[in-house]
Amino acid sequence: QVQLIESGGGSVQPGGSLRLACAASGLTFNWYAGGWFRQTPGKEPEFVATISRNGDIEYYGDSVKGRFTISRDNAKNTMYIQMDNLKPEDTAVYLCATSHTTGIPQNANDYRYWGQGTQVTVSS
(Lines give C-alpha, C1' and ligand atoms only; values in the text may rest on other atoms or scores of the structure.)
Protein backbone atom coordinates (compact mmCIF):
# COMPACT_ATOMS: atom_id res chain seq x y z
CA GLN A 1 0.00 0.00 0.00
CA VAL A 2 1.41 3.33 -1.08
CA GLN A 3 1.46 6.06 1.56
CA LEU A 4 2.63 9.64 1.40
CA ILE A 5 2.61 11.42 4.74
CA GLU A 6 3.27 15.14 5.03
CA SER A 7 4.58 16.82 8.15
CA GLY A 8 5.94 20.17 9.24
CA GLY A 9 2.94 22.41 8.72
CA GLY A 10 1.85 25.01 11.21
CA SER A 11 1.28 28.69 11.82
CA VAL A 12 3.90 31.31 11.10
CA GLN A 13 4.10 35.08 10.81
CA PRO A 14 4.67 36.79 7.46
CA GLY A 15 8.33 36.63 6.53
CA GLY A 16 8.83 33.43 8.45
CA SER A 17 9.91 29.98 7.28
CA LEU A 18 8.67 26.42 7.39
CA ARG A 19 10.07 23.14 6.10
CA LEU A 20 7.62 20.48 5.04
CA ALA A 21 8.53 16.82 4.66
CA CYS A 22 6.81 14.06 2.71
CA ALA A 23 7.63 10.49 3.76
CA ALA A 24 6.86 7.84 1.16
CA SER A 25 6.34 4.11 1.63
CA GLY A 26 5.06 1.21 -0.44
CA LEU A 27 6.69 2.35 -3.67
CA THR A 28 10.13 2.58 -5.24
CA PHE A 29 10.52 6.26 -4.52
CA ASN A 30 13.28 7.02 -7.02
CA TRP A 31 11.10 5.79 -9.88
CA TYR A 32 8.81 8.79 -9.41
CA ALA A 33 9.05 12.51 -9.89
CA GLY A 34 7.87 14.36 -6.82
CA GLY A 35 5.65 17.40 -6.52
CA TRP A 36 4.10 19.78 -4.04
CA PHE A 37 0.71 21.36 -4.56
CA ARG A 38 -1.43 23.56 -2.36
CA GLN A 39 -5.15 23.90 -2.04
CA THR A 40 -7.58 26.34 -0.49
CA PRO A 41 -11.28 25.65 0.07
CA GLY A 42 -13.32 25.47 -3.10
CA LYS A 43 -10.32 25.64 -5.43
CA GLU A 44 -8.37 23.19 -7.50
CA PRO A 45 -4.87 22.22 -6.33
CA GLU A 46 -2.28 24.81 -7.33
CA PHE A 47 1.11 23.65 -8.57
CA VAL A 48 3.92 24.71 -6.22
CA ALA A 49 7.06 22.79 -7.18
CA THR A 50 8.31 19.58 -8.74
CA ILE A 51 11.56 17.64 -8.68
CA SER A 52 12.83 14.95 -11.02
CA ARG A 53 13.39 11.34 -10.02
CA ASN A 54 17.05 11.76 -9.17
CA GLY A 55 16.69 15.33 -7.92
CA ASP A 56 18.73 17.02 -10.61
CA ILE A 57 15.91 19.14 -12.07
CA GLU A 58 13.52 21.42 -10.19
CA TYR A 59 10.70 23.64 -11.36
CA TYR A 60 8.57 26.12 -9.45
CA GLY A 61 5.30 27.90 -9.78
CA ASP A 62 5.62 31.62 -10.43
CA SER A 63 4.09 32.59 -7.08
CA VAL A 64 6.78 30.77 -5.06
CA LYS A 65 9.84 31.09 -7.30
CA GLY A 66 12.81 32.44 -5.37
CA ARG A 67 11.19 31.75 -2.00
CA PHE A 68 10.61 27.98 -1.94
CA THR A 69 13.13 25.19 -2.50
CA ILE A 70 12.20 21.59 -3.22
CA SER A 71 14.56 18.71 -2.50
CA ARG A 72 14.53 14.96 -1.98
CA ASP A 73 16.53 12.25 -0.25
CA ASN A 74 15.90 9.01 -2.10
CA ALA A 75 17.84 7.03 0.50
CA LYS A 76 15.24 8.13 3.06
CA ASN A 77 12.25 8.00 0.69
CA THR A 78 11.51 11.57 1.65
CA MET A 79 10.85 14.80 -0.20
CA TYR A 80 11.02 18.28 1.29
CA ILE A 81 10.04 21.82 0.56
CA GLN A 82 11.74 24.72 2.31
CA MET A 83 9.47 27.74 2.39
CA ASP A 84 11.03 31.12 3.18
CA ASN A 85 9.67 34.65 3.27
CA LEU A 86 6.17 33.30 3.67
CA LYS A 87 3.24 35.53 2.80
CA PRO A 88 -0.41 35.40 3.90
CA GLU A 89 -1.36 34.27 0.40
CA ASP A 90 0.72 31.13 0.95
CA THR A 91 -1.89 29.95 3.45
CA ALA A 92 -3.25 26.61 2.22
CA VAL A 93 -3.20 22.87 2.70
CA TYR A 94 0.03 21.61 1.18
CA LEU A 95 -0.01 18.21 -0.47
CA CYS A 96 2.81 16.09 -1.77
CA ALA A 97 2.41 13.75 -4.71
CA THR A 98 4.39 11.38 -6.91
CA SER A 99 4.24 11.03 -10.66
CA HIS A 100 5.21 8.10 -12.83
CA THR A 101 5.77 10.39 -15.83
CA THR A 102 9.25 11.41 -16.87
CA GLY A 103 10.61 14.89 -16.40
CA ILE A 104 9.08 17.50 -14.10
CA PRO A 105 5.28 17.39 -14.41
CA GLN A 106 3.29 20.42 -13.31
CA ASN A 107 -0.23 19.17 -13.94
CA ALA A 108 -2.02 17.55 -11.01
CA ASN A 109 -3.52 14.99 -13.40
CA ASP A 110 -0.01 13.60 -14.00
CA TYR A 111 0.32 12.62 -10.34
CA ARG A 112 -0.87 9.23 -9.21
CA TYR A 113 -0.26 9.09 -5.47
CA TRP A 114 -1.16 11.87 -3.05
CA GLY A 115 -0.75 12.58 0.63
CA GLN A 116 -3.52 13.86 2.89
CA GLY A 117 -1.96 17.30 3.25
CA THR A 118 -0.67 19.54 6.01
CA GLN A 119 -2.03 22.97 6.88
CA VAL A 120 0.17 26.04 6.54
CA THR A 121 -1.18 29.29 7.93
CA VAL A 122 0.65 32.59 7.48
CA SER A 123 -0.81 35.35 9.59
CA SER A 124 0.24 38.17 11.87
Side-chain angles (χ1 to χ4, degrees):
Q1 181 182 359
V2 175
Q3 280 193 312
L4 300 178
I5 301 176
E6 301 94 339
S7 61
S11 295
V12 64
Q13 292 187 341
S17 298
L18 283 173
R19 187 191 194 207
L20 306 184
C22 172
S25 61
L27 78 170
T28 305
F29 187 58
N30 62 6
W31 287 6
Y32 295 82
W36 286 95
F37 290 76
R38 63 189 183 187
Q39 191 169 24
T40 53
K43 293 189 177 181
E44 294 295 316
E46 175 192 2
F47 169 73
V48 174
T50 182
I51 189 166
S52 60
R53 298 175 182 184
N54 63 4
D56 62 340
I57 304 173
E58 305 161 22
Y59 189 78
Y60 298 89
D62 288 341
S63 61
V64 307
K65 203 171 294 182
R67 299 188 297 123
F68 290 13
T69 303
I70 190 172
S71 62
R72 65 190 296 163
D73 185 340
N74 285 341
K76 295 183 178 179
N77 286 357
T78 303
M79 179 171 60
Y80 306 93
I81 188 158
Q82 175 70 37
M83 307 186 295
D84 298 318
N85 190 22
L86 283 161
K87 304 176 181 180
E89 52 263 41
D90 294 319
T91 295
V93 174
Y94 283 72
L95 306 107
C96 67
T98 57
S99 172
H100 60 285
T101 62
T102 57
I104 44 174
Q106 296 125 58
N107 191 319
N109 292 330
D110 290 327
Y111 287 80
R112 180 175 183 181
Y113 300 115
W114 291 79
Q116 292 297 310
T118 185
Q119 177 70 45
V120 171
T121 302
V122 185
S123 174
S124 55

* **Heavy-atom pair with the smallest gap, counting every atom of Thr91 and Gln119** => CG2-NE2, 4.0 Å

* Quick one: does Thr98's side chain have a donor or acceptor within less than 3.5 Å of a partner on Gly34's backbone? -> no

* Asked: Is it true that atom CD of Glu89 has more than 12 heavy atoms of other residues, nucleotides or ligands lying nearer than 6.0 Å?
  -> yes

* Is the NZ atom of Lys65 crowded by more than 12 outside heavy atoms at less than 6.0 Å? -> yes

* Does Arg38 have any side-chain contact (heavy atoms from CB on, under 4.5 Å) partners at least two apart in sequence or in another chain, and if so, which? -> Glu46, Val48, Ser63, Val64, Phe68, Asp90, Ala92, Tyr94

* Asked: If we ignore angles and hydrogens, is there a donor and acceptor under 3.5 Å between the side chains of Tyr80 and Gln82?
  -> no

* Does Glu6 use its side chain to pair, donor to acceptor, with the backbone of Gly117 at less than 3.5 Å? -> yes

* Residue pair Thr78 / Ala23: nearest heavy atoms and the distance that separates them -> OG1-CA, 4.2 Å

* Under 3.5 Å, side chain of Tyr60 to main-chain N/O of Ile70, donor-acceptor pair present? -> yes

* Atom pair OG (Ser11) and CG (Leu86), whose distance is rounded to the nearest 0.5 Å -> 11.0 Å

* To do: Check whether more than 12 heavy atoms from other residues, nucleotides or ligands sit under 6.0 Å from atom CD of Gln116, and answer yes or no.
  => no

* Assess the side chains of Ser99 and Thr101: does a donor N or O sit below 3.5 Å from an acceptor N or O? => yes

* **Arg72 (side chain) donor-acceptor with Gly55 (main chain) under 3.5 angstrom** => no

* Asked: Ile5: what forms a side-chain contact (heavy atoms from CB on, under 4.5 Å) with it, not counting sequence neighbours?
  -> Gln3

* Asked: Is there a path of hydrophobic side-chain contacts, each under 4.5 Å between heavy atoms of I, L, V, M, F, W or Y residues, that connects Val93 with Phe37?
  -> yes

* Asked: Is there a donor-acceptor pair under 3.5 Å between the side chain of Arg53 and the backbone N or O of Asn30?
  -> no

* Would you kindly confirm whether Leu20 and Phe29 end up in one hydrophobic cluster when ILVMFWY residues are joined by side chain heavy atoms under 4.5 Å apart? => yes

* To do: State, with a plain yes or no, whether a side-chain heavy atom of Asn77 is found less than 4.5 Å away from one of Ser25.
  => no

